[in-house]
Amino acid sequence: MKVLVPVKRVLDYNVKARVKADQSGVDLSNVKMSMNPFDEISVEEAVRLQEAGTASETIVVSIGPAKAQETIRTALAMGMDRGIHVETDDDLEPLAIAKILKGIVEAEGPEMVILGKQAIDNDFGATGSMLAALLDWPQGTFANSVAKDGDSLSVAREVDGGLQTVKVSLPAVVTTDLRLNEPRYASLPNIMKAKKKPIDAKTPGDYGVDTAARLKVLKVTEPPKREAGVKVEDVAALVDKLKNEAGVI
Amino acid sequence: MAILVVAEHDNESLKDQTHKTVTAAKAMGGDVDVLVAGKGVKDVAAEAAKIDGVRKVIACDHESLRRQLAEAMEAVIVPLMGDYDAILAPDTTSHKNYMPRVAAKLDVQQISSVTGVESADTFVRPIYAGNAMATVQSSDTKKVVTVRTTAFDSAGEGGSASVDTIADPSGPFKAEFISEELTVSDRPELTDAKIVISGGRGMGSGENFVMIDKIADKLGAAVGASRAAVDAGFVPNDYQVGQTGKAVAPELYIAVGISGAIQHLAGMKDSKVIVAINKDEEAPIFTVADYGLVADLFKALPELDEELSKAGY
């Protein structure tokens with residue numbers, strides 16, 4: 001089975017987002033950018049499926065600026081076979097991304113698309129399910145484990161209250177949650193090897209998709225600040241404050 | 001303008017997230033209807049009909065909706081949307097699962113996890129794990145919105161809306177429910193609890209959460225955890241409070257051995273009173289805590305247990 005993994009280049013997980021003074025957005029100049037952590041989990045899962053003989057070919061795609069190529073190289077260094085870079089400097093919304101991905105799916109014919117449940121920059125959490133709907137495919141979102149069983153997938157999903165297992169017929173979309181796996185670090189030889197792996201260069205126009213934004217960002221501001229309170233001496237003082245001052249116990 | 005709110009329920013009872021989502025819908029202005037999709041939901045629909053300000057309840061009662069799988073929910077909702085200008089649902093895992101499908105079918109960009117409604121087309125939502133708040137205006141003709149319910153008050157009771165039953169969704173669907181393993185607990189649910197006590201990486205192990213459990217049982221609290229504690233395998237993922245877990249806003253939030261990573265703060269900073277217990281007095285959690293106790297949690301938790309006993313708990 002061919003597996004397609006869309007990945008996004010985002011502000012690194014460990015870097016605190018700073019709001020621009022003119023409230024136009026978050027400052028992304030001169031900051032460390034990395035692969036969206038949930039997408040790393042997707043890449044890892046695809047590579048494991050290939051190592052297990054379940055996936056025949058693994059393709060990574062990123063839709064973004066020229067530097068998104070670095071993110072594609074990272075996935076190739078982790079073990080994926082080849083890449084597709086759809087170059088755009090616009091910060092596309094999930095609907096536009098899903099439409100482009102649909103075009104790629106139709107061209108490449110994967111049986112499974114696996115991607116992060118959300119990107120940690122815009123936090124929409126929408127692309128995977130949108131793609132599934134546009135393709136009329138079933139979905140297994142927030143995956144905790146994925147197993148291929150004949151022509152279907154068994155996906156254990158992280159839901160409020162525990163785990164839910166669903167069986168979805170292939171082709172299908174899977175979105176990854178934190179506990180699915182622990183992504184590997186690429187080894188130096190694999191990083192060198194990845195440099196020779198092919199990356200197709202595309203543009204949104206190649207897929208005939210209208211990518212105009214539907215949401216206009218009016219402003220981006222700092223979240224409301226919470227004032228720090230007081231330090232208490234000991235546990236007895238804490239219980240006293242909670243009971244007699246705050247009245248919450 | 002007509003707005004459809006999708007109810008949060010477990011086929012037996014209506015959840016308060018529904019009432020909060022109704023409040024968000026009312027802020028957009030217009031008529032608010034509530035969709036109850038599930039199996040055996042007659043009582044849930046009757047409860048929804050009592051929410052103040054609801055025009056009517058639409059009930060869809062079918063086996064394929066028992067678990068609210070995304071494919072079936074899409075099939076129920078998309079045909080209804082001819083009559084609505086907007087659809088709102090709480091941002092719990094069940095609704096996060098299918099709402100983007102509905103949006104894609106309607107050719108609409110979903111507006112996720114809104115914490116504020118400015119007008120019928122303008123919303124505030126957290127981005128970058130709550131490090132920034134974006135105010136966005138949608139140009140789509142219909143709005144598809146998920147609601148961070150902790151940011152809204154519950155709509156009251158006292159309504160007497162009619163309940164219409166609609167036709168079953170047409171299957172078959174390409175997904176089927178196989179099984180579920182729910183965490184069995186007598187404690188309140190994290191998102192409903194008046195008091196939440198959470199442990200972080202400082203707890204050291206899953207076994208040590210027993211100390212937190214004991215205090216939770218005394219206070220009738222729910223138990224949560226930071227992502228670090230979940231990643232370390234101390235507790236299951238559904239304990240996770242934070243941007244990648246659940247957003248909670250209880251009366252009292254007690255953070256134990258949690259440093260206060262921004263992604264955790266994003267999920268609990270709307271709590272009314274925050275207590276932090278941490279041995280590192282520089283931990284960022286203290287910058288949001290109303291009451292901070294700099295102490296070794298392995299000493300403080302047994303003491304807290306004892307003090308609560310003395311106080312009659």
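The chains referred to below are lettered A, B, ... by the order of the sequence lines, with proteins before strands, and numbering in each begins at 1. Quick caveat: nothing in here was measured; it's all calculated off a predicted structure.
Using a 4.5 Å cut-off between heavy atoms, A/F124 contacts chain B through both its backbone and its side chain. Interface remark: A/E158 contributes backbone and side-chain atoms alike to the contact with chain B (heavy atom separation under 4.5 Å). For B/L265, no part sits under 4.5 Å from any heavy atom of chain A, backbone or side chain. The contact between B/T122 and chain A is made entirely by side chain atoms (from C-beta outward), counting heavy-atom distances below 4.5 Å. Heavy atoms of B/A311 lying under 4.5 Å from chain A belong to its backbone as well as its side chain. Looking at A/V230, both its backbone and its side chain come within 4.5 Å of chain B, counting heavy atoms on both sides. In this structure, chain B has a heavy atom under 4.5 Å from the backbone of A/D234, while its side chain stays farther away. For A/L215, the parts sitting under 4.5 Å from any heavy atom of chain B are the backbone and the side chain alike. Only the side chain of A/V26 has a heavy atom closer than 4.5 Å to any heavy atom of chain B. Contact of A/E233 with chain B is made through the backbone alone, with heavy-atom distances under 4.5 Å. Heavy-atom distances place the side chain of B/Q240, and not its backbone, under 4.5 Å from chain A. Looking at B/E176, the atoms closer than 4.5 Å to chain A (heavy atoms on both sides) sit in the backbone and in the side chain alike. Looking at A/V19, only its side chain comes within 4.5 Å of chain B, counting heavy atoms on both sides. In this structure, chain B has a heavy atom under 4.5 Å from the side chain of A/K243, while its backbone stays farther away. Using a 4.5 Å cut-off between heavy atoms, B/S113 makes no contact with chain A at all. Of the atoms belonging to B/V124, not a single heavy atom falls under 4.5 Å from chain A. Heavy atoms closer than 4.5 Å to chain A are found in the side chain of B/L219, but not in its backbone. In this structure, the portion of A/L178 lying under 4.5 Å from any heavy atom of chain B is its side chain and not its backbone. Using a 4.5 Å cut-off between heavy atoms, A/A98 does not touch chain B at all.
Per-residue heavy-atom pair counts under 4.5 Å with chain A were compared for B/K310, B/Q137, B/R67, and the maximum is reached by B/Q137. Counting heavy-atom pairs closer than 4.5 Å to chain A, the top-ranked of the candidates B/K246, B/E306, B/K272 is B/K246. Taking chain A as the reference chain and counting heavy-atom pairs below 4.5 Å, the highest number among B/E251, B/M133, B/E281, B/E307 is found for B/M133. Contact count against chain B (heavy-atom pairs under 4.5 Å) is highest for A/L218 among A/L131, A/L218, A/V168, A/L242. Contact count versus chain B (heavy atoms, under 4.5 Å) is highest, among A/G229, A/A119, A/A237, A/P138, for A/P138. Among A/S152, A/A213, A/S169, the residue making the largest number of heavy-atom pairs under 4.5 Å with chain B is A/S169. Highest contact tally toward chain A, considering only B/S179, B/G233, B/S138, is held by B/S179 [criterion: heavy-atom pairs under 4.5 Å]. Put simply, of B/V275, B/V294, B/T191, the one with the most heavy-atom pairs under 4.5 Å next to chain A is B/V275. The choice from A/K117, A/Q164, A/R157, A/Q23 that makes the most heavy-atom pairs within less than 4.5 Å of chain B is A/Q164. Of the residues considered (B/A289, B/A266, B/P250, B/A276), B/A289 shows the highest number of contacts with chain A, using heavy-atom pairs under 4.5 Å. Note: A/T165 leads A/V220, A/T165, A/V217, A/L134 in heavy-atom pairs under 4.5 Å with chain B.
B/Q263 and A/Y13 are not linked by any side-chain donor-acceptor pair at a separation below 3.5 angstrom, with hydrogens and angles left out of the test. Counting only N and O atoms by type, the side chains of B/N131 and A/E222 include no donor and acceptor under 3.5 Å apart.
Contact of the A/V248 side chain with the B/I195 side chain is not registered, since no non-hydrogen atoms from C-beta on lie closer than 4.5 Å. Taking the side chain as every heavy atom from C-beta outward, A/N144 and B/N237 never approach each other to under 4.5 Å.
Geometric assessment of A/K231 against the ring of B/F286 yields a positive cation-pi assignment under the 6.0 Å and 45° thresholds. A cation-pi arrangement is absent between A/R18 and B/Y128 under the rule of less than 6.0 angstrom and at most 45 degrees off the ring axis.
Counted within 6.0 Å of NZ on B/K299, heavy atoms from surrounding residues, nucleotides or ligands total 12 or fewer; the atom is thus considered open. A 6.0 Å sphere centred on NZ of B/K194 holds no more than 12 heavy atoms belonging to other residues, nucleotides or ligands. More than 12 heavy atoms of other shown residues, nucleotides or ligands fall within 6.0 angstrom of atom NZ in A/K20.
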| said: Between B/K96 and A/D160, is the salt bridge (charged side-chain N to carboxylate O under 4.0 Å, His left out) condition met? List the steps. | reply: CA-CA 11 Å; B/K96 281 180 186 170; A/D160 292 338; over 6 Å; no

| field | Criterion side-chain contact (heavy atoms from CB on, under 4.5 Å) on B/Y313 and A/I249, from CA distance to verdict | value | CA-CA 10 Å; B/Y313 287 94; A/I249 62 168; 3.4 Å; yes

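At least one donor-acceptor pair closer than 3.5 Å links the side chain of B/E71 to the backbone N or O of A/Q139. At least one donor-acceptor pair under 3.5 Å links the side chain of B/R125 to the backbone N or O of A/N122. A/S129 contributes a side-chain N or O that, together with a main-chain N or O of B/N97, makes up a donor-acceptor pair within less than 3.5 Å. In terms of modelled atom types and a separation under 3.5 Å, the side chain of B/K174 and the main chain of A/D136 share a donor-acceptor contact.
In this structure, A/R214 and B/D140 approach most closely via the heavy-atom pair NH1-OD1, 2.6 Å. Looking at every heavy atom in both residues, B/A129 comes nearest to A/D123 through N-OD2, 2.9 Å. The two residues B/A104 and A/A133 make their nearest non-hydrogen contact at CB-CB, 4.0 Å. Taking both residues in full, the closest heavy atoms of A/A246 and B/V273 are given as CB-CG2, 4.1 Å, listed atom of the first, atom of the second, then distance. Between A/V166 and B/I178 the shortest heavy-atom distance is C-CG1, 4.0 Å. B/P100 approaches A/A126 most closely through the heavy-atom pair CB-O, 3.5 Å.
Here B/Q110 contributes atom CD and A/L95 contributes atom CG; the two are 10.5 Å apart, rounded to the nearest 0.5 Å.
We find that A/K99 and B/D107 are joined by a salt bridge, their nearest charged nitrogen and carboxylate oxygen being less than 4.0 Å apart. For the pair B/D290 and A/R226, the salt-bridge criterion is met [side-chain N within less than 4.0 Å of a carboxylate O].
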